[in-house]
Asks: 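The following block contains the structure, expressed as structure tokens.
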There are 2 protein chains.
Amino acid sequence: MQLRMTNQREIILTELKKSGSHLSADELYERVRRIIPRLSLATVYRNLEILSNLHLIAKLEVGGRQKRFDYDVSDHDHIYCIVCHRVDNIELNREQVSTVAAEGRQGYTVTGYRLEFAGICPECQKKMNKEMNKETNE
Amino acid sequence: MQLRMTNQREIILTELKKSGSHLSADELYERVRRIIPRLSLATVYRNLEILSNLHLIAKLEVGGRQKRFDYDVSDHDHIYCIVCHRVDNIELNREQVSTVAAEGRQGYTVTGYRLEFAGICPECQKKMNKEMNKETNE
DNA sequence: TTAAGTGCAAAAATTTTGCATTCTT
DNA sequence: AAGAATGCAAAATTTTTGCACTTAA
């Protein structure tokens with residue numbers, strides 16, 4: 001089965017790249033729909049599946065219900081905000097992690113790993129501080 | 001809201017513990033249903049939610065569609081088989097990982113992390129070897 | 001007794017699929 | 001042309017919710 005570059009596929013890729021972030025299928029759908037109004041969500045799912053199988057994009061299964069897709073396929077890890085669910089990249093020394101990991105792998109052939117941090121992003125921290133102040137002043 | 005120990009809740013906990021593994025809601029449902037045939041899947045979900053909020057069990061969001069639940073709430077990490085989707089514990093030095101992680105956290109307050117390995121479990125390796133041999137002999 | 005918990009059925013949320021039609025190559 | 005890809009609607013999967021009834025404390 002050979003691949004074809006359709007309008008939909010191209011714009012899905014472009015928009016994911018342009019976003020510079022980790023979009024869920026329906027977020028991407030909303031964006032691409034502004035350009036191709038008759039786009040179907042199924043097309044987005046089908047393309048994301050195909051493109052991630054080809055490693056042209058990465059499929060993330062981070063916290064939260066929905067899967068997210070990343071234009072950046074390089075090995076890197078993520079941190080997600082437990083309050084607003086945004087996802088950011090986090091830079092760290094992957095080799096060191098691999099070294100630590102080499103230990104108790106119980107007969108598995110390890111093909112990869114995913115290190116995912118959870119935390120509260122700067123914006124949500126600010127919001128929470130404001131809320132705190134409000135309550136204190138009441 | 002105070003908690004009550006119902007029959008359902010108790011058996012859900014016991015069966016999860018007895019399994020010694022990381023069950024999805026519906027796997028647990030099947031097991032508990034053998035004991036309480038009129039059990040509802042909704043009850044399983046509600047209990048797993050409540051129990052994981054109380055940290056009596058842990059909710060895992062590992063690879064694959066469904067969430068999984070673990071009787072073991074201690075800090076430990078997981079490895080899952082990309083072929084059969086089973087999940088096993090993996091022992092490693094969490095402090096070392098934290099040290100590596102301290103680096104590029106971009107303003108986030110880190111509340112935790114999840115390190116999840118992917119690989120092929122011993123059983124699936126065996127199966128794959130058998131398949132390979134079969135094909136070679138044909 | 002009372003309000004937490006349950007079963008059931010219906011809904012919500014996310015993802016996948018069948019099929020006729022439209023495109024890329 | 002051929003068959004890959006699409007749109008649409010319907011289905012599948014996983015999880016949540018409303019509500020009347022049951023049960024633990």
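Residue numbering restarts at 1 for every chain, and letters A, B, ... go by the order of the sequence lines. Just the heavy atoms: all of them, side chains too, but no hydrogens, waters or symmetry mates, feed the values below.
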Asks: How many Å lie between CD on Glu49(B) and C1' on dT14(D), as a whole number?
Replies: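 The answer, rounded to whole Å, is 14 Å.
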Asks: Could you pick out which residue, Ala42(B) or Met5(B), lies toward the 5' side of DNA chain C when each is mapped onto its nearest nucleotide?
Replies: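 By nearest-heavy-atom nucleotide position, the 5'-most residue is Met5(B).
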Asks: Count I, L, V, M, F, W, Y as connected when their side-chain heavy atoms are under 4.5 Å apart, and connections chain through other members. Are Leu54(A) and Tyr71(A) then in the same cluster?
Replies: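 Yes, one cluster joins them.
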Asks: For Leu3(A) and dC23(C), give me the distance from atom CG to atom C1', rounded to whole Å.
Replies: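 From Leu3(A) CG to dC23(C) C1': 14 Å.
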Asks: For Arg46(A) and for Ser24(A), find the nucleotide of DNA chain C with the closest heavy atom, then tell me which residue's nucleotide is more 5'.
Replies: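 The residue closer to the strand's 5' end, by nearest nucleotide, is Ser24(A).
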Asks: At what distance, to the nearest 0.5 angstrom, does CG of Leu13(B) lie from CG of Asn47(B)?
Replies: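 Rounded to the nearest 0.5 Å, the CG-CG separation comes out at 8.0 Å.
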Asks: Rounded to whole angstroms, how far apart are CD1 on Ile12(A) and P on dA5(D)?
Replies: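 Rounded to whole Å, this separation is 12 Å.
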Asks: Tell me: NZ of Lys59(B) to P of dT15(D), nearest whole Å?
Replies: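 To the nearest whole Å, that distance equals 9 Å.
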Asks: Rounded to whole Å, please give me the gap between CZ in Arg68(B) and C1' in dT15(D).
Replies: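 Whole-Å distance recorded here is 15 Å.
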Asks: Can you work out whether Arg4(B) or Asp26(B) has the more 5'-proximal nearest nucleotide on DNA chain D?
Replies: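 Mapping each residue to its closest nucleotide by heavy atoms, the 5'-most match is Asp26(B).
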Asks: In this structure, how many angstroms lie between the P atom of dT14(D) and the OH atom of Tyr29(B), rounded?
Replies: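 Going from Tyr29(B) (OH) to dT14(D) (P), I get 14 Å.
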Asks: When we call it a touch if two heavy atoms are under 4.0 Å apart, what does Leu41(A) touch: a base, just sugar-phosphate, or nothing?
Replies: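 Base, at least one base atom sits under 4.0 Å.
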Asks: Run the salt bridge (Lys or Arg N to Asp or Glu O under 4.0 Å) check on Arg46(B) and Glu49(B) step by step: do they pass?
Replies: CA-CA 5 Å; Arg46(B) 278 189 283 234; Glu49(B) 184 63 25; over 6 Å; no
Asks: Closer than 4.0 Å, any side-chain N/O of Asn7(A) to the OP1 or OP2 of dA5(D)?
Replies: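 False: Asn7(A) side-chain N/O out of range (4.0 Å or more) of dA5(D) OP1/OP2.
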Asks: Quick one: pull up CG in Leu23(A) and CD1 in Ile12(A) and give me the separation to the nearest 0.5 Å.
Replies: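 Nearest 0.5 Å value for the CG-CD1 distance: 11.5 Å.
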Asks: Take the protein atom CG of Leu51(B) and the nucleotide atom P of dG5(C), then report the distance between them rounded to whole Å.
Replies: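 Roughly 10 Å, once rounded to whole Å.
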Asks: Nearest whole Å is fine: how far is dG7(D) P from Arg9(A) CZ?
Replies: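 Rounding to the nearest Å, CZ of Arg9(A) and P of dG7(D) are 12 Å apart.
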Asks: Taking atom types as modelled, is there a side-chain donor on His22(B) or Asn89(B) under 3.5 Å from an acceptor on the other?
Replies: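 Looking only at side-chain atoms, Asn89(B) and His22(B) do form a donor-acceptor pair, the distance falling under 3.5 Å.
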Asks: Does OP1 or OP2 of dG5(C) have a side-chain N or O of Thr43(B) closer than 4.0 Å?
Replies: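 Result: no.
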Asks: Tell me whether the OP1 or OP2 atom of dC8(C) has a side-chain N or O from Arg38(B) closer than 4.0 Å.
Replies: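 So the side-chain polar atoms of Arg38(B) do come within 4.0 Å of the phosphate oxygens OP1 or OP2 of dC8(C), strictly under.
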Asks: Less than 4.0 angstrom between a side-chain N/O of Thr6(A) and OP1 or OP2 of dT6(D), yes or no?
Replies: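 Indeed, a polar side-chain atom of Thr6(A) lies that close.
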Asks: When you measure from the side chain of Gln8(A), which nucleotide among dT14(D), dA25(D), dG7(D) comes out closest?
Replies: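 Nearest to the side-chain atoms of Gln8(A), counting from C-beta on, is dG7(D).
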